[in-house]
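Have a look at the structure below before the remarks.
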Amino acid sequence: MSINENLQKIKYQINEAEKKSGRQENCVKLMAVSKFHPVDEILQAVNAGQFLFGENRVQEAAEKFPEIFTKFPGIELHMIGQLQSNKVKKAVQIASCIQSVDTIKLLNEINNQCEKLNKNINILFEVHTGEDSKSGFSDETELFKAVELCASGQLKNVHPKGFMTMAPFTNDEKLIRESFIKLRKLKESLQNQYRNLDLSELSMGMSGDFKLAIEEGSTMVRVGTAIFGERNYSSK
Ligand SMILES: *Cc1c(COP(=O)(O)O)cnc(C)c1O
(Lines give C-alpha, C1' and ligand atoms only; values in the text may rest on other atoms or scores of the structure.)
Protein backbone atom coordinates (compact mmCIF):
# COMPACT_ATOMS: atom_id res chain seq x y z
CA MET A 1 0.00 0.00 0.00
CA SER A 2 1.12 3.56 -0.68
CA ILE A 3 1.74 6.18 2.01
CA ASN A 4 -1.42 7.92 0.84
CA GLU A 5 -3.47 4.73 1.24
CA ASN A 6 -1.95 4.04 4.66
CA LEU A 7 -2.86 7.55 5.81
CA GLN A 8 -6.46 7.18 4.61
CA LYS A 9 -6.76 3.84 6.38
CA ILE A 10 -5.40 5.17 9.67
CA LYS A 11 -7.65 8.22 9.54
CA TYR A 12 -10.60 5.88 9.06
CA GLN A 13 -9.48 3.77 12.03
CA ILE A 14 -9.05 6.89 14.17
CA ASN A 15 -12.58 7.92 13.27
CA GLU A 16 -13.94 4.50 14.16
CA ALA A 17 -12.15 4.58 17.53
CA GLU A 18 -13.54 8.07 18.22
CA LYS A 19 -17.07 6.84 17.51
CA LYS A 20 -16.65 3.64 19.49
CA SER A 21 -15.61 5.58 22.57
CA GLY A 22 -18.32 8.21 22.15
CA ARG A 23 -15.85 10.98 21.51
CA GLN A 24 -16.33 13.93 19.20
CA GLU A 25 -15.40 13.32 15.57
CA ASN A 26 -11.94 14.63 14.63
CA CYS A 27 -10.93 15.33 18.24
CA VAL A 28 -7.77 13.23 17.81
CA LYS A 29 -4.82 14.68 15.87
CA LEU A 30 -2.58 12.45 13.78
CA MET A 31 1.18 12.92 13.90
CA ALA A 32 3.23 11.12 11.24
CA VAL A 33 6.48 9.90 12.80
CA SER A 34 9.02 10.10 9.99
CA LYS A 35 12.25 9.07 11.73
CA PHE A 36 14.53 6.99 9.47
CA HIS A 37 12.40 7.84 6.44
CA PRO A 38 13.71 10.13 3.69
CA VAL A 39 12.42 13.51 2.55
CA ASP A 40 10.69 12.12 -0.54
CA GLU A 41 8.52 9.85 1.61
CA ILE A 42 7.69 12.75 3.93
CA LEU A 43 6.66 14.78 0.86
CA GLN A 44 4.38 11.93 -0.24
CA ALA A 45 2.64 12.25 3.12
CA VAL A 46 2.46 16.04 2.73
CA ASN A 47 0.88 15.61 -0.69
CA ALA A 48 -1.68 13.30 0.89
CA GLY A 49 -2.66 16.14 3.23
CA GLN A 50 -0.53 15.35 6.29
CA PHE A 51 0.95 18.45 7.98
CA LEU A 52 2.08 17.33 11.47
CA PHE A 53 5.30 15.33 11.76
CA GLY A 54 7.43 13.95 14.58
CA GLU A 55 11.14 13.15 14.69
CA ASN A 56 13.29 11.62 17.42
CA ARG A 57 16.76 12.87 16.62
CA VAL A 58 17.60 16.55 16.21
CA GLN A 59 20.42 15.98 13.74
CA GLU A 60 18.27 13.90 11.42
CA ALA A 61 15.37 16.36 11.63
CA ALA A 62 17.69 19.30 10.90
CA GLU A 63 18.96 17.54 7.79
CA LYS A 64 15.50 16.79 6.41
CA PHE A 65 13.05 19.48 7.46
CA PRO A 66 14.42 22.90 6.39
CA GLU A 67 13.82 22.09 2.70
CA ILE A 68 10.35 20.78 3.52
CA PHE A 69 9.50 23.99 5.44
CA THR A 70 10.69 26.06 2.48
CA LYS A 71 8.40 24.23 0.08
CA PHE A 72 5.48 23.91 2.51
CA PRO A 73 5.48 26.66 5.18
CA GLY A 74 2.42 25.18 6.93
CA ILE A 75 4.21 22.00 7.97
CA GLU A 76 4.66 21.46 11.71
CA LEU A 77 7.39 19.44 13.39
CA HIS A 78 7.44 18.12 16.96
CA MET A 79 10.47 16.55 18.62
CA ILE A 80 9.52 13.31 20.41
CA GLY A 81 12.87 11.71 21.29
CA GLN A 82 15.09 12.05 24.31
CA LEU A 83 16.84 15.41 24.05
CA GLN A 84 20.33 16.26 25.29
CA SER A 85 21.05 19.79 26.48
CA ASN A 86 23.58 20.47 23.72
CA LYS A 87 20.92 19.73 21.07
CA VAL A 88 18.28 22.06 22.46
CA LYS A 89 19.38 25.11 20.49
CA LYS A 90 18.93 23.33 17.16
CA ALA A 91 15.73 21.62 18.31
CA VAL A 92 13.95 24.87 19.16
CA GLN A 93 14.96 26.33 15.80
CA ILE A 94 13.14 23.66 13.81
CA ALA A 95 10.33 22.41 16.06
CA SER A 96 7.12 24.06 17.22
CA CYS A 97 6.77 21.65 20.14
CA ILE A 98 9.08 19.51 22.24
CA GLN A 99 7.05 16.56 23.49
CA SER A 100 9.89 14.84 25.33
CA VAL A 101 10.53 17.18 28.26
CA ASP A 102 11.54 14.88 31.10
CA THR A 103 13.70 16.97 33.47
CA ILE A 104 13.59 20.46 34.99
CA LYS A 105 17.10 21.04 33.66
CA LEU A 106 15.87 20.45 30.11
CA LEU A 107 12.87 22.71 30.68
CA ASN A 108 15.18 25.55 31.79
CA GLU A 109 17.54 25.01 28.88
CA ILE A 110 14.65 25.12 26.37
CA ASN A 111 13.50 28.41 27.88
CA ASN A 112 17.05 29.86 27.78
CA GLN A 113 17.59 28.98 24.14
CA CYS A 114 14.15 30.28 23.14
CA GLU A 115 14.81 33.54 25.00
CA LYS A 116 18.00 34.04 22.96
CA LEU A 117 16.11 33.40 19.72
CA ASN A 118 13.19 35.51 20.88
CA LYS A 119 10.82 32.66 20.15
CA ASN A 120 8.10 30.78 22.02
CA ILE A 121 7.73 27.04 22.02
CA ASN A 122 5.13 24.52 23.14
CA ILE A 123 6.17 21.61 25.31
CA LEU A 124 4.65 18.42 26.67
CA PHE A 125 5.77 16.72 29.86
CA GLU A 126 6.82 13.19 29.01
CA VAL A 127 5.82 10.77 31.74
CA HIS A 128 7.13 7.28 32.38
CA THR A 129 3.97 5.20 32.77
CA GLY A 130 5.04 1.68 31.78
CA GLU A 131 7.69 -0.66 33.11
CA ASP A 132 10.08 -1.05 30.19
CA SER A 133 10.10 2.47 28.76
CA LYS A 134 13.19 4.36 29.86
CA SER A 135 12.19 7.89 29.02
CA GLY A 136 10.00 10.38 30.81
CA PHE A 137 9.65 11.75 34.33
CA SER A 138 9.56 8.74 36.62
CA ASP A 139 9.65 10.75 39.82
CA GLU A 140 6.29 12.46 40.34
CA THR A 141 7.77 15.01 42.72
CA GLU A 142 10.11 16.24 39.99
CA LEU A 143 7.22 16.35 37.50
CA PHE A 144 5.07 18.34 39.93
CA LYS A 145 7.93 20.79 40.43
CA ALA A 146 8.31 21.20 36.67
CA VAL A 147 4.60 21.95 36.25
CA GLU A 148 4.74 24.32 39.21
CA LEU A 149 7.70 26.13 37.63
CA CYS A 150 5.68 26.67 34.44
CA ALA A 151 2.63 27.80 36.41
CA SER A 152 4.75 30.36 38.28
CA GLY A 153 5.29 32.25 35.01
CA GLN A 154 9.08 32.30 35.29
CA LEU A 155 9.64 30.52 31.99
CA LYS A 156 8.24 33.12 29.65
CA ASN A 157 9.12 31.42 26.36
CA VAL A 158 7.83 27.94 27.21
CA HIS A 159 4.15 27.07 26.86
CA PRO A 160 3.12 23.74 28.37
CA LYS A 161 0.26 22.04 26.52
CA GLY A 162 -0.09 18.68 28.26
CA PHE A 163 1.51 15.26 28.49
CA MET A 164 3.12 12.52 26.43
CA THR A 165 3.82 8.87 27.17
CA MET A 166 4.88 5.60 25.58
CA ALA A 167 3.04 2.47 26.67
CA PRO A 168 5.13 -0.61 27.54
CA PHE A 169 6.18 -2.82 24.61
CA THR A 170 3.87 -5.75 25.25
CA ASN A 171 0.86 -7.55 23.79
CA ASP A 172 -0.88 -7.35 27.12
CA GLU A 173 -3.74 -4.97 26.40
CA LYS A 174 -4.41 -4.49 30.09
CA LEU A 175 -0.92 -3.17 30.78
CA ILE A 176 -1.07 -0.84 27.77
CA ARG A 177 -4.44 0.53 28.87
CA GLU A 178 -3.20 1.03 32.43
CA SER A 179 -0.36 3.14 31.15
CA PHE A 180 -2.74 5.38 29.17
CA ILE A 181 -5.17 5.62 32.08
CA LYS A 182 -2.33 6.67 34.34
CA LEU A 183 -1.43 9.56 32.05
CA ARG A 184 -5.05 10.66 31.72
CA LYS A 185 -5.56 10.70 35.48
CA LEU A 186 -2.34 12.62 35.99
CA LYS A 187 -3.50 15.18 33.45
CA GLU A 188 -6.90 15.53 35.12
CA SER A 189 -5.41 16.05 38.52
CA LEU A 190 -2.73 18.55 37.42
CA GLN A 191 -5.19 20.45 35.20
CA ASN A 192 -7.45 20.76 38.22
CA GLN A 193 -4.62 22.08 40.33
CA TYR A 194 -3.20 24.54 37.79
CA ARG A 195 -6.12 26.26 36.14
CA ASN A 196 -3.96 28.99 34.66
CA LEU A 197 -2.26 26.40 32.45
CA ASP A 198 -3.68 24.56 29.43
CA LEU A 199 -2.66 20.95 29.96
CA SER A 200 -5.28 19.41 27.71
CA GLU A 201 -3.05 17.57 25.24
CA LEU A 202 -2.61 13.82 25.76
CA SER A 203 -0.07 12.55 23.23
CA MET A 204 -0.38 8.79 23.45
CA GLY A 205 -0.78 5.87 21.07
CA MET A 206 1.52 4.53 18.32
CA SER A 207 1.03 2.15 15.36
CA GLY A 208 0.31 -0.85 17.57
CA ASP A 209 -1.87 0.73 20.23
CA PHE A 210 -3.48 3.94 18.96
CA LYS A 211 -7.02 2.57 19.08
CA LEU A 212 -6.68 1.73 22.76
CA ALA A 213 -5.12 5.15 23.37
CA ILE A 214 -8.09 6.90 21.74
CA GLU A 215 -10.49 4.90 23.89
CA GLU A 216 -8.54 6.12 26.92
CA GLY A 217 -8.64 9.79 25.97
CA SER A 218 -5.70 10.43 23.64
CA THR A 219 -5.85 13.75 21.78
CA MET A 220 -2.85 13.03 19.55
CA VAL A 221 -1.55 9.73 18.21
CA ARG A 222 2.03 9.37 16.95
CA VAL A 223 2.10 6.88 14.09
CA GLY A 224 5.23 5.84 12.18
CA THR A 225 5.36 2.25 10.93
CA ALA A 226 1.68 2.05 9.94
CA ILE A 227 2.18 5.07 7.63
CA PHE A 228 5.71 4.69 6.28
CA GLY A 229 6.38 0.96 6.76
CA GLU A 230 9.19 -0.65 8.74
CA ARG A 231 12.21 1.50 9.59
CA ASN A 232 15.54 0.46 8.13
CA TYR A 233 17.92 1.18 11.03
CA SER A 234 20.97 -0.17 9.24
CA SER A 235 20.99 2.55 6.60
CA LYS A 236 21.90 5.31 9.09
C1 LIG B 1 9.12 5.88 16.91
C2 LIG B 1 8.14 6.52 17.82
C3 LIG B 1 6.76 6.50 17.54
C4 LIG B 1 6.15 5.77 16.35
O5 LIG B 1 6.22 4.39 16.53
P6 LIG B 1 5.51 3.36 15.50
O7 LIG B 1 5.39 2.13 16.29
O8 LIG B 1 6.42 3.23 14.34
O9 LIG B 1 4.20 3.94 15.13
C10 LIG B 1 5.92 7.19 18.42
N11 LIG B 1 6.39 7.83 19.50
C12 LIG B 1 7.70 7.86 19.81
C13 LIG B 1 8.14 8.59 21.02
C14 LIG B 1 8.61 7.19 18.98
O15 LIG B 1 9.90 7.20 19.32
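Throughout, numbering of the chain's residues begins at 1 and tracks the sequence. All ligand and atom numbering here is 1-based and tracks the order in the structure.
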Positive for salt bridge (Lys or Arg N to Asp or Glu O under 4.0 Å) with Glu215, one of Arg23, Lys19, Lys20: Lys20
Nearest-neighbour protein heavy atom for atom 11 (N) of ligand 1, which is reported as residue plus atom name and distance: Arg222 NE, 2.9 Å
Plane angle bin for Phe36 and Tyr233 - parallel if under 30°, tilted between 30 and 60°, otherwise perpendicular: perpendicular
Ile42, Ile227, Ile75, Leu30 screened by side chain to side chain contact (heavy atoms under 4.5 Å, CB included) with Gln50, the one that passes: Leu30
Lys211 bridged to Glu16 by N-O distance under 4.0 Å: no
Residues Glu178, Lys182: salt bridge by 4.0 Å N-O rule: no
Residue selection (non-hydrogen contact nearest atom 14 (C) of ligand 1) among Lys35, Met166, Arg231: Lys35
Distance filter under 4.0 Å to Val223 heavy atoms, resulting ligand 1 atoms: 9 (O)
Nearest protein heavy atom with distance in Å, relative to atom 12 (C) of ligand 1: Ile80 CD1, 3.5 Å
Protein contact of atom 5 (O) of ligand 1 - nearest heavy atom, named by residue and atom, plus distance: Met206 CE, 3.6 Å
Close-contact set for ligand 1 against Thr225 heavy atoms, below 4.0 Å: 6 (P), 7 (O), 8 (O), 9 (O)
Pick from Gly229, Gly81, Ser135, Ser207: the one approaching atom 9 (O) of ligand 1 most closely through a non-hydrogen atom: Ser207
Gly224: numbered ligand 1 atoms lying under 4.0 Å from its heavy atoms: 4 (C), 6 (P), 8 (O), 9 (O)
Donor-acceptor side-chain pairing of Ser85 and Glu109 below 3.5 angstrom: no
